[in-house]
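Heads up, the thing below is written out as structure tokens.
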2 protein chains.
Amino acid sequence: MKEASGRRRTVRISDVAAAAGVSKTLVSYALNNRPGVREETRERIVAKARELGWTPSLPARALSVSRAYAIGLVFEKSPEALASDQYYTSLMAGLQSVLSHSRYSLVTEVVESTEAEREAYLRLAHDGRVDGMVIVDLRQDDPRFALVREAGLAFVSLGWPPERTTMPVLVYDESEAITDVVKHLVDQGHRRVAQVVGPQTNAPARLRRELYQKRFREHGIDASRWIESDYTAAGGRAATAALLDADPRPTAIVYSNDLMAVAGMSAAFSRGLRVPTDISIVGWDDITISQYLHPALSTVTQHPFDDGKVAATLLLEAIGGQEFVEPVWMPNPRFVPRESSGPASA
Amino acid sequence: MKEASGRRRTVRISDVAAAAGVSKTLVSYALNNRPGVREETRERIVAKARELGWTPSLPARALSVSRAYAIGLVFEKSPEALASDQYYTSLMAGLQSVLSHSRYSLVTEVVESTEAEREAYLRLAHDGRVDGMVIVDLRQDDPRFALVREAGLAFVSLGWPPERTTMPVLVYDESEAITDVVKHLVDQGHRRVAQVVGPQTNAPARLRRELYQKRFREHGIDASRWIESDYTAAGGRAATAALLDADPRPTAIVYSNDLMAVAGMSAAFSRGLRVPTDISIVGWDDITISQYLHPALSTVTQHPFDDGKVAATLLLEAIGGQEFVEPVWMPNPRFVPRESSGPASA
DNA sequence: GTGGCTCCTTGAACCGGTTCACGGCAAGCT
DNA sequence: AGCTTGCCGTGAACCGGTTCAAGGAGCCAC
């Protein structure tokens, strides 16, 4: 009586063994599709297991095979920055869309300093909590690659890692979109263009800035007008204010994410400037809200959900032992002109 | 040689035992602060453990004590809806801010149907992957409570659960903010006010709609003008379009989240209406971008990060065996008037 | 000197799987 | 007939902790 109402007795592999009249070794072999089990016997065991509703105990399996059946994702970001940036949530959803069809789970951490990030990595690895990591937001001389290497963890890198590796790497080419943005602006007569960029310790942020500069120079535009910011709205607003203070004011500003671009528009409005009549604004990310803004934001679309899907798939393969030599090229980001960019003001 | 460069040998409890010259039982007792160990011996063991860099193996401990040392969070939402809604990401960050100081981790899942949600719950529970769940977005007759009860999992509910429970419950009172919004609108002469609400299978969405209606009626306003939508931008835009088609058009629309409100503004603009001159708009959530819009969005602020913090704290206590009888009242959401609401048009 | 008590310590079982090494048996080969 | 070979199946060890029941040492009282 007490038993029935109390903690539900879970069915063990030995229960299945007893019910099928074989040893638990054989049950294990049968259920893991190992050779050395007569087909007829295997079927009987599988049927019994299903009948009893057996599912493997994760901790037990984890203990004996030293696998966690989980992957980790650590965000080194302020909660504010994380929440206001859709990229990460979409990425997570993309990862999940693959994991939920496997027996793997996603363990996430949000930390607010590189020191805490380091600890999180060590903890996840040392505790045997995960079998692999998804590394995003690559930084200059990123210390995380050494961490995973030492911990013997598999990983997937979203962006070029600083060292050669046999783990999967996802990359894409932003230059095409950047070329399109610059062409779009130049065609509309813009000659004074400024940039508000992300933290320059962040490798992709740096690369993006350089690509923009290269294209600017090719069109004879002064490429030195850029301000480093932090991807937050407040940061974007402040940077924009500074840029608008310059005497020959820029006629266009390109931002490294939409959130800063929106805040930039707000800064422009509050000075009585019209967008795009007085100043053109181009973002990056294409967050949901961008197309509903007034004016709708010209920006560059990315595919974080797909990135997540592919990243999860490849990471699982890497955990399975597969080696990767070539990076995987993802579809390029694409420029989407909308209303916030137009002809340059006189 | 091969050993040294290969898989790093992790230090086990028996290594500590050998080094300290005691049995592994005693090491376990000492490290778990159990009574029955001489103080001097305990110190020696702890010192040795630290010296060797021992950390407990999670799977091993999980196996013997039937604890996962993790909590679960399942989102039943489209990736799109999840990504564009800051609430969830902030909630997650809040949970993490507590968990990272414990040995607990957060396991997240994103599913797109209630059937998949059910499977996710069963899987997390059955696999022994988590010790407790965070239940958000309560629905009418929410099936998740039965799931966790049957699985014997602890949980924390963000909102009133359908049944009596000894698990922690977080609640807050929206009526104050709603009273303020309605008063604000009425004071400015609004008599025709409409609502765009969230899915009415969602219990809090329903309650919010009813509270608004109650206040409307108290001021003699027709409370029947509401449209059910889905919290997405596309949904908000469509609902707004329908509302604006009505002949005596509403002079104000209140939305159940900011994303729909922004999309609603966009719909108004595209018909040549001005905000707030021709129509006032009030949102709900206060996402980061709201204050940077043009006009800045009048809305209601919530505290998802704090909710997460408190939820995690209480859930850990519940897992520890503590029982809760009274729900915990969180600070009330607060109305923040900005530029998108103003005097009613004639 | 012996019994009884407390305090500290330990061997062994257990959690629920995986896997290694071995054994029985029938078929194939010489 | 004797020996190898392959297939199928099993016992036992192992993963790294926790915990129960029992054992030894030291001390006190009778």
Side-chain angles (χ1 to χ4, degrees), chain A residues 7-46 48-49 52-70 103 125-129 131 152 320, chain B residues 6-46 48-49 52-70 103 125-129 131 152:
Chain A
R7 235 170 112 20
R8 213 173 32 153
R9 192 91 199 83
T10 80
V11 12
R12 300 178 299 266
I13 204 171
S14 58
D15 299 329
V16 177
V22 293
S23 70
K24 58 179 212 164
T25 303
L26 204 59
V27 175
S28 175
Y29 284 165
L31 293 167
N32 290 313
N33 285 316
R34 283 235 176 348
V37 184
R38 205 194 321 165
E39 196 47 40
E40 182 191 320
T41 315
R42 177 194 308 278
E43 277 165 18
R44 186 159 46 91
I45 292 175
V46 169
K48 263 298 183 241
L52 297 178
W54 176 85
T55 55
S57 149
L58 213 55
R61 177 174 277 177
L63 181 58
S64 51
V65 303
S66 305
R67 275 243 191 138
Y69 295 98
R103 57 167 55 257
H126 209 115
D127 283 0
R129 179 84 77 172
D131 301 324
Chain B
R7 240 170 108 21
R8 209 174 32 155
R9 191 93 198 81
T10 83
V11 14
R12 299 178 300 264
I13 205 170
S14 57
D15 298 329
V16 177
V22 293
S23 70
K24 58 180 212 162
T25 304
L26 203 58
V27 175
S28 175
Y29 285 164
L31 292 168
N32 291 313
N33 284 314
R34 283 236 176 347
V37 183
R38 205 194 320 165
E39 196 46 44
E40 185 191 316
T41 315
R42 178 194 308 278
E43 278 164 20
R44 186 159 46 91
I45 292 174
V46 170
K48 262 297 182 241
L52 296 178
W54 176 86
T55 55
S57 149
L58 215 55
R61 177 174 275 175
L63 180 58
S64 52
V65 302
S66 305
R67 274 241 191 140
Y69 295 98
R103 58 166 55 257
H126 209 113
D127 283 0
R129 179 85 76 174
D131 301 323

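Proteins get letters first, then strands, A, B, ... in listed order; numbering begins at 1 in each.
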State which of dG17(C), dT19(C), dA13(C) makes the closest approach to the side chain of Ala60(A). dG17(C)
From dG17(D), dG9(D), dG16(D), pick the nucleotide closest to the side chain of Pro56(B)? dG17(D)
Side chain of Ser23(B) only, heavy atoms from C-beta on: which candidate in dT18(C), dT18(D), dT10(C) is closest? dT10(C)
Could I get a table of every N or O pair under 3.5 Å where one atom is in the protein and the other is in nucleotides 20-24 of chain C?
from	atom 1	to	atom 2	distance (Å)
dC20(C)	N4	Tyr29(A)	OH	3.0

Taking atom CZ of Arg12(A) and atom CG of Leu52(A), what is their separation to the nearest 0.5 Å? 11.5 Å
If you check the Leu63(B) side chain, which of dT9(C), dG16(C), dG9(D) turns out closest? dG16(C)
Out of Asp15(A), Leu31(A), Val27(A), Thr10(A), which residue meets the side chain to side chain contact (heavy atoms under 4.5 Å, CB included) rule with Trp54(A)? Leu31(A)
Could you work out, with side chain to side chain contact (heavy atoms under 4.5 Å, CB included) as the rule, every residue matching Arg67(B), not counting sequence neighbours? Val65(B), Tyr69(B), Tyr104(B), Asp131(B), Ile319(B)
Rounded off to whole Å, could you give me the CG-to-P distance for the Leu31(A) and dT19(C) pair? 13 Å
Is there a donor-acceptor pair closer than 3.5 Å between any side-chain N or O of Arg42(B) and the backbone N or O of Arg34(B)? yes
Between P of dT18(D) and CG of Asn32(B), the distance in whole Å: 5 Å
Rounded to the nearest Å, what distance is computed from the CH2 atom of residue Trp54(B) to the P atom of nucleotide dG16(D)? 12 Å
Distance, rounded to the nearest Å, where Lys24(B) contributes NZ and dC15(D) contributes C1': 10 Å
Identify whether any heavy atom of Ser14(B) sits under 4.0 Å from a base atom; if not, whether one sits that close to sugar-phosphate; answer base, sugar-phosphate or nothing. nothing
Toward the 5' end of DNA chain C, which comes first, Val22(B) or Ser64(B), by nearest nucleotide? Val22(B)
Starting at atom CG of Leu26(B), determine the distance to atom C1' of dT19(D), rounded to an integer number of angstrom. 13 Å
Students often get this wrong, so: under 4.0 angstrom with heavy atoms, is Ser57(A) touching a base, only sugar-phosphate, or nothing? sugar-phosphate
Ignoring the backbone of Ser28(A), work out which of dT18(D), dG11(C), dT19(C) is nearest its side chain. dT19(C)
Roughly, in whole Å, what's the span from CD1 in Ile45(B) to C1' in dC8(C)? 11 Å
